[in-house]
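If you're wondering where the values come from, they're calculated on a predicted model, not measured in any experiment. Below, chain A is the first sequence line, B the second, and so on; all start at residue 1.
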Protein chains: 2
Amino acid sequence: MQVIENLPPCPVETTLLLMGDKWKVLIVRDLLTGTKRFGELKKSLNGISQKVLTSHLRTMEKNGLITRKVYPQVPPKVEYTLTEVGESLKQVHDAMLDWGSIYKSKYSTKTSRV
Amino acid sequence: MQVIENLPPCPVETTLLLMGDKWKVLIVRDLLTGTKRFGELKKSLNGISQKVLTSHLRTMEKNGLITRKVYPQVPPKVEYTLTEVGESLKQVHDAMLDWGSIYKSKYSTKTSRV
DNA sequence: CTGTATCCTTCCAGATACTG
DNA sequence: CAGTATCTGGAAGGATACAG
């Protein structure tokens, strides 16, 4: 893992630096329910491209948020799991979940159907 | 205020839709300490351009997160304040603050000086 | 002071094709 | 299956000038 030098003094900005991205938040959302394979993530993250998913996973691995385990077999199997620090993002995720619910109950007359 | 139709079913995605932006989070951070004038925000949000700040403030106002009060005087004075729903973003902000602190204490040997 | 109005650049996401 | 390599388009943001 590559430690990032010179993180912003403001912890909020540090969080934004590491997680200030729509896809990263959704990746964490999915991994919070357990280890996932590349293909599972891609399917769950509706609309993400392989390139973008790979790129985000690499960055998050580098930042110590997830671990990547490759099974040397054909066809390949790769699993992604949250690290301990990654797991601790659950508080952020839950706060966003709560707030989204509050907002919807307050301002939304209907929600979209999937 | 303009209610957004068809918010995503997932509350986390709803939050991302409304707040999934670096600048918006920082605007909330600043307004959580109280009402601010346009110029105060611009100064505090180091590096943001007028155009971008204006645009974000307009969107957040439209979404019911902040209120905009114009004092009819010369030179103009405009104040921005969090609404009740905007204030409730404090939980999200605090979670990000906590997590950023955790991450820094775990992985950062030093922090940048301002 | 608090904006609009343009222009310009950059970057990231998306599509596609190919590989071990 | 899980990538890498390119190419491309468009949106977001920055710079600047001007206005009420």
Comparing A:Ser55 with B:Pro75, nearest DNA chain C nucleotide closer to 5' gives the residue B:Pro75

When rounded to whole Å, the CD1 to P distance for the pair A:Ile48 and C:dA13 reads 8 Å

Taken to the nearest whole Å, CG/A:Leu53 to C1'/D:dA2 is 10 Å

Only one of A:Arg37, A:Arg68, A:Lys36 passes side-chain contact (heavy atoms from CB on, under 4.5 Å) with A:Val78, and that residue is A:Arg68

(message) Does C:dC12 have its OP1 or OP2 closer than 4.0 Å to a side-chain nitrogen or oxygen of A:His56?
(response) no

Minimal heavy-atom distance between B:Glu13 and B:Pro8, with the atoms involved, is CB-CB, 3.6 Å

- Base, sugar-phosphate, or nothing for B:Tyr80, non-hydrogen atoms under 4.0 angstrom? sugar-phosphate

**Distance-only donor-acceptor test, A:Lys51 side-chain atoms vs C:dA13 base atoms, 3.5 Å** = yes

Rounded to whole Å, NZ of B:Lys77 lies from C1' of D:dG20 at a distance of 19 Å

B:Gln50 CD to D:dA15 P, in whole Å, measures 12 Å

B:Arg37 atom CZ is separated from C:dT2 atom P, nearest whole Å, by 4 Å

Between CG of B:Leu57 and P of C:dC1 the distance, given in whole Å, is 17 Å

When A:Ser49 and B:Glu40 are each assigned the nearest nucleotide of DNA chain C, the 5'-most assignment goes to B:Glu40

Would you say the side-chain atoms of A:Thr54 pair up with the backbone N or O of A:Gln50, donor to acceptor, closer than 3.5 Å? yes

Is the backbone N or O of A:Trp99 less than 3.5 Å from a side-chain atom of B:Thr15, with the two atoms forming a donor-acceptor pair by type?
-> no

Point to revise | Residue pair B:Met60 / B:Val28, side-chain heavy-atom distance below 4.5 Å | key: yes

Checklist entry - Are any of A:Arg68's side-chain N or O atoms less than 4.0 Å away from OP1 or OP2 of D:dA2? => result no

Here the distance between atom P of C:dT2 and atom CD of B:Glu79, to the nearest Å, is 9 Å

Between CZ of A:Phe38 and C1' of D:dA2 the distance, given in whole Å, is 6 Å

